[in-house]
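Whatever order the structure lists ligands and atoms in, that order sets their numbers, starting from 1. In this chain, numbering begins with 1 at the start of the sequence shown. No experiment lies behind these values; they were computed from the predicted model shown.
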Amino acid sequence: MPVPIFSKIDRGQELTRVDLIQLLDLCDPDDLKWLYQKAYELKQRFVGDRTYLRGIIEFSNICRKDCYYCGIRRSNPDISRYQMSVPEILDDAIWAFQNGYGSIVLQSGERDDREFLLFVDSIIREIKSLSKGELGITLSLGEQTRDTYQRWFDSGAHRYLLRIETSSSGIYKRLHPRDHHYATRKACLQMLKDIGYQVGTGVLIGLPFQSVADLADDLLFYQQNDIDMIGMGPYIIHGNTPLAVQARRDDDAGPDRLTMALKMIAIARILLKDVNIAATTALQALSPDGREAGLLAGANVIMPNVTRKKYRQLYQLYPNKPCIAEDKRDCARCLRLRIEGMGEKIGFNEWGDSPHFLTK
Ligand code: SAH
């Protein structure tokens with residue numbers, strides 16, 4: 001057991017890049033147990049003992065982007081594209097509200113046309129009005145202009161998730177076509193922060209070309225950019241994407257993406273303390289109780305799918321996506337059993353804002 005680093009954590013000392021690399025390299029089961037328990041303890045101390053729910057509505061898979069890892073990329077001809085109607089979206093959102101979810105996430109493929117801007121704007125306003133301002137709204141709609149971000153904020157959205165995907169501009173380049181820019185993505189995060197959103201970001205874990213040192217830099221990126229919420233998860237190979245070939249080649253070395261993702265969650269909690277961290281759905285794609293493992297390793301947010309069943313199989317960013325044959329009612333029951341079954345409390349009817357944001 002690497003005692004010096006553990007006692008450093010116990011004493012609450014600042015962790016260096018070398019420390020983070022050492023923690024990411026841990027593989028002894030007792031060491032991992034220590035790490036997860038420590039992160040869990042810090043979660044209870046800094047963000048409380050409740051798990052917060054964000055009902056996610058994946059309202060369209062139409063996307064102008066062409067990310068090499070993503071199943072709904074523009075160049076994938078093998079999926080049919082959909083866009084939910086306003087009444088469908090409102091219906092799912094209000095269902096989440098009535099079932100105590102406290103807040104929702106509106107996510108979709110990326111579009112930047114005016115029609116889309118106005119469509120989203122009207123949904124935000126309707127949800128705010130139907131819930132009398134009570135339902136929290138997080139957006140996860142990619143890169144937009146400052147004016148668009150501002151307009152959606154003014155209409156009532158208060159949190160925004162935009163993953164940086166990797167903090168290495170070199171890796172970013174290898175994961176995206178030439179017209180997708182790391183600098184733009186980073187600038188968007190800054191704009192969101194300036195406007196006043198609670199800002200969430202995250203990375204893909206276990207990518208081709210990615211080393212443990214890169215993951216340590218990802219953690220430092222969160223810290224340096226004063227991020228309020230983290231949503232990161234394992235990269236899962238989608239066969240119908242350009243990155244699959246390289247990733248399968250790498251997989252001969254057998255990266256354990258689930259464990260690496262759990263370590264990232266735990267170390268992020270130890271490093272950042274009072275931020276919200278999601279146990280993302282991709283964890284569950286790798287293991288049936290992946291999300292519960294995430295909660296035990298320091299995460300405090302879960303994003304149950306509240307999208308109506310008929311669209312679920314069309315929103316597969318990665319294969320093996322869990323719960324696509326289920327309805328939101330099944331998901332609600334199942335999650336409650338799972339989370340409460342672990343002895344955890346659920347923060348029903350609460351926004352569950354990031355304490356990091358609130359104390360700024
Ligand atoms: N279009 C929006 C949101 C949808 S994509 C945006 O770009 O922000 C949401 C996230 O899914 C992405 O940020 C990416 O990190 C993740 N994702 C995409 N493909 C994935 C894959 N193959 N494995 C795991 N996560 C993936």
Contacting atoms of ligand 1, where contact means under 4.0 angstrom from a heavy atom of Tyr235: 22 (N), 23 (N), 24 (C)
Ligand 1 contacted by Arg185 (non-hydrogen, < 4.0 Å): yes
Contact (N/O only, under 3.5 Å) between Gln107 and ligand 1: no
Salt bridge (charged side-chain N to carboxylate O under 4.0 Å, His left out) between Asp327 and Lys309, intermediate numbers included: CA-CA 5 Å; Asp327 187 27; Lys309 191 169 161 184; over 6 Å; no
From the candidates Tyr69, Tyr160, Tyr318, the one that places a heavy atom nearest atom 19 (N) of ligand 1: Tyr69
Top protein contact for atom 11 (O) of ligand 1, by heavy-atom distance: Leu317 CD1, 3.3 Å
Between Gln246 and Tyr68, a side-chain donor and acceptor under 3.5 Å: no
Pair Ser155, Asp121: side-chain N/O donor-acceptor within cut-off below 3.5 Å: yes
side-chain hydrogen bond (donor to acceptor under 3.5 Å, both in side chains) against Glu134, all qualifying residues, sequence neighbours excluded: none
Pairing residues for Arg163 by the side-chain contact (heavy atoms from CB on, under 4.5 Å) criterion, not counting sequence neighbours: Glu165, Leu204, Thr280
SB check Arg73 Glu110 (cutoff 4.0 Å): no
Nearest-neighbour protein heavy atom for atom 12 (C) of ligand 1, which is reported as residue plus atom name and distance: Glu165 OE2, 3.4 Å
Ligand 1 to Ile236 polar contact by distance, N or O atoms, under 3.5 Å: yes
Tyr315 N/O under 3.5 Å from ligand 1 N/O: no
Ligand-residue contact atoms, ligand 1 with Leu204, heavy atoms, under 4.0 Å: 15 (O), 24 (C), 25 (N), 26 (C)
Closest to atom 1 (N) of ligand 1 among Cys188, Ser108, Cys70 (heavy-atom distance): Ser108
Interfacing atoms of ligand 1 (cut-off 4.0 Å, heavy-atom, Arg163): 13 (O), 14 (C), 15 (O), 16 (C)
Best match, Gly233, Pro234, Ser140, Ala285: closest heavy atom to atom 24 (C) of ligand 1: Pro234
Worked verdict on Lys310 versus Glu88 for salt bridge (charged side-chain N to carboxylate O under 4.0 Å, His left out): CA-CA 11 Å; Lys310 73 174 182 187; Glu88 284 176 328; 3.2 Å; yes
Part of Thr241 with heavy atoms under 4.0 Å of ligand 1, whether side chain, backbone, both or neither: neither
Residue Gly142 vicinity, atoms of ligand 1 by number, heavy atom under 4.0 Å: 2 (C), 6 (C), 8 (O)
Donor-acceptor side-chain pairing of Arg111 and Gln83 below 3.5 angstrom: yes
From CA spacing to verdict: ring-ring contact (aromatic ring centres under 6.0 Å, His included), Tyr69, Tyr235: CA-CA 8 Å; Tyr69 44 84; Tyr235 161 60; 7.1 Å; no
